[in-house]
There are 2 protein chains.
Amino acid sequence: MTASYYSQALHGPYETRDLGDFELESGDKIRGLKLAYATFGKLSARRDNAILFPSWYSGTSKILERAYVGAGRALDPDKYFIILVNQIGAGLSSSPSNSAPPFDAARFPRITIADDVRAQHRLVTEAFGVERLALVLGGSMGAQQTYEWAARFPEAVRRAAPIAGLARGTAHNRLLVSTFIDAIVSDPAFDDGWYERAALVHRGLRRHARIFAASGFSPALFNTRGWSDLGFSTPDDFVAGFVEGHFLPQDPNNLVLLLSKWRDADASRLENGDLARALGRISAKTFVIAIKEDGFFPLADLEAEQKLIAGSELRRVSSPWGHLALFGTDPAYNAAIDRHLEELLAS
Amino acid sequence: MTASYYSQALHGPYETRDLGDFELESGDKIRGLKLAYATFGKLSARRDNAILFPSWYSGTSKILERAYVGAGRALDPDKYFIILVNQIGAGLSSSPSNSAPPFDAARFPRITIADDVRAQHRLVTEAFGVERLALVLGGSMGAQQTYEWAARFPEAVRRAAPIAGLARGTAHNRLLVSTFIDAIVSDPAFDDGWYERAALVHRGLRRHARIFAASGFSPALFNTRGWSDLGFSTPDDFVAGFVEGHFLPQDPNNLVLLLSKWRDADASRLENGDLARALGRISAKTFVIAIKEDGFFPLADLEAEQKLIAGSELRRVSSPWGHLALFGTDPAYNAAIDRHLEELLAS
């Protein structure tokens, strides 16, 4: 199942850039690091209309394209050159599931958000000759990458829109993410990551999907049966069809790698753990966009970081889909996001 | 471990009432059903000062006593005759862990909240001759029992204070509770409930404790290190010391039984699934008390039920401890609860 899931057929068209041997923050390295990305629109002659949008947990560039890119949307290919880049470990870029032994599966190196951002910086500068991005944005783990971009490469980021995510995880968020990891690795079939086939770990993947759903959507979504327009019937039908169905074809080692990256994300490492100094490096015009009903990244936590960024603004959106409104299932959320992004892009 | 945990030494003094063979809602029965309870204060000559307070998930009468009963508190033994009763299945009353084969462990019958309330009604009338309670109150699963009491025996309940709980679980709450069950039963050592010793299931109990903690406390508790006054250091130290420490000595079958009772609680069964009619039966003066930060039972869900109860009031309290403020760890919560209960008792 895994091989057919991480495919051009389902997630393409996408291209791949080989960055050669890539040294990681840990001191470990990836041999022949490949970044998978998709672009939309044309780079202007002055190379000043590029937008970078890194992927979130368990998503690929395809869901970003479907949910955020299009004529008449804020991310309009008629105006902008939009680069949707896939995180390391998410199945299209170099990942546990597509690496050759012995550096595959459970032996794939640990990755940090900073590793992703350093690799993406090379992609943007080397493949496209872009020195300054008109906008970096991302949701959830994409927000983690957005913060890291804006703080690590301030001159390269003109505008930033971290959505529903944090520069540094709170203790609560780390606990939550650790429960997601545990749901997968506790399945005996996971076998420390050395399962023969990903589908054998379906019990762990289902368990992970259910605890993810319990905090990822707002309670109100369940009460209002917000999924009925999508063709789901009971709450169980929705959780199985939408959430278990999303995770079951994915690779457990990929998910665990992404989750550990999510849990440990910390832009303050740029300044030896001083978050105020790290966020003080940001010169981008920044809209921090919070989803009021977000059970993964509560508004108050986003606001605390936003206050550390000079000239930034906190923008609130609302959706019964909670954190997972990011998926684009709620037209009201999509419209609200577009309004904020259009205003930011016009500034 | 289990035997010494469910003991007079840790949870007493308590008394036990044998109700004989007890027929359950399911048609199954418990042979020699025993209800464990503790009383404080003296029953008045007119038998009009009795307060009933059933236990919540994984708690016993001891924590109710410590957190809510005392001179100068709303539940003052100088004024009231306070009956703290232990739910069936919680380890002191008849439970999987203390029943004789073959009706022990995984074969203990399924119980509903209505079974508990019917048994408690017999305790109150037969042991104490009390026909009308001055107040029934309870938190979480105790609130489920409070709703069932007030709707099933309206003449027997003069006042009611369901705290941080619902008469009928929402789809979201049922999903959440199903993840708690799954965390325990997915441990291979659980062995369908036929483990040799409860301590062997510690991995499942720890996993359960961590997902319970992730939604039971508010994110703000973690951010403000609200546990430091209790002597905990890091977030992991707190979760292990406070939450894993709470669950590890308990019996997995007991917890799974309680969780299934929690998940399936539904006072509307009194009126064939018509919740408005079921709650319309309530004649008690009712304060529905919601904890604003409650991740298990959101305020909006409590408010929706409160509106179905004639003459009731919604009272809001706030605590970074979220749902688990019920434990009495937050002095501000304790004071707020007392104010509401005193006002209710004076009405």
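Below, read A as the first sequence line, B as the second, and so on, with proteins coming before strands; counting in each chain starts at 1. These numbers were taken from a predicted model, which means no experiment stands behind them.
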**Report entry** Name of the residue among B:Thr179, B:Leu175, B:Asp182, B:Leu176 meeting side chain to side chain contact (heavy atoms under 4.5 Å, CB included) with A:Ile211
**Finding:** B:Thr179
Report summary line: Max heavy-atom pairs within cutoff under 4.5 Å with chain A, candidates B:Thr170, B:Thr234, B:Asn223, goes to B:Asn223
Query raised in the report: Say you draw a straight line from OG of A:Ser178 to CZ of B:Arg207; how long is it, rounded to the nearest 0.5 Å?
Result: 12.0 Å
Report task. Please examine the side chains of B:Arg203 and A:Ser186, heavy atoms only from C-beta on, and report whether any two atoms are closer than 4.5 Å. Result -> no
Report summary line: When the 4.5 angstrom heavy-atom criterion is applied to B:Pro219 and chain A, the contacting part is both
**Report entry** Proximal component of B:Ala220, with respect to chain A [non-hydrogen, under 4.5 Å]
**Finding:** neither
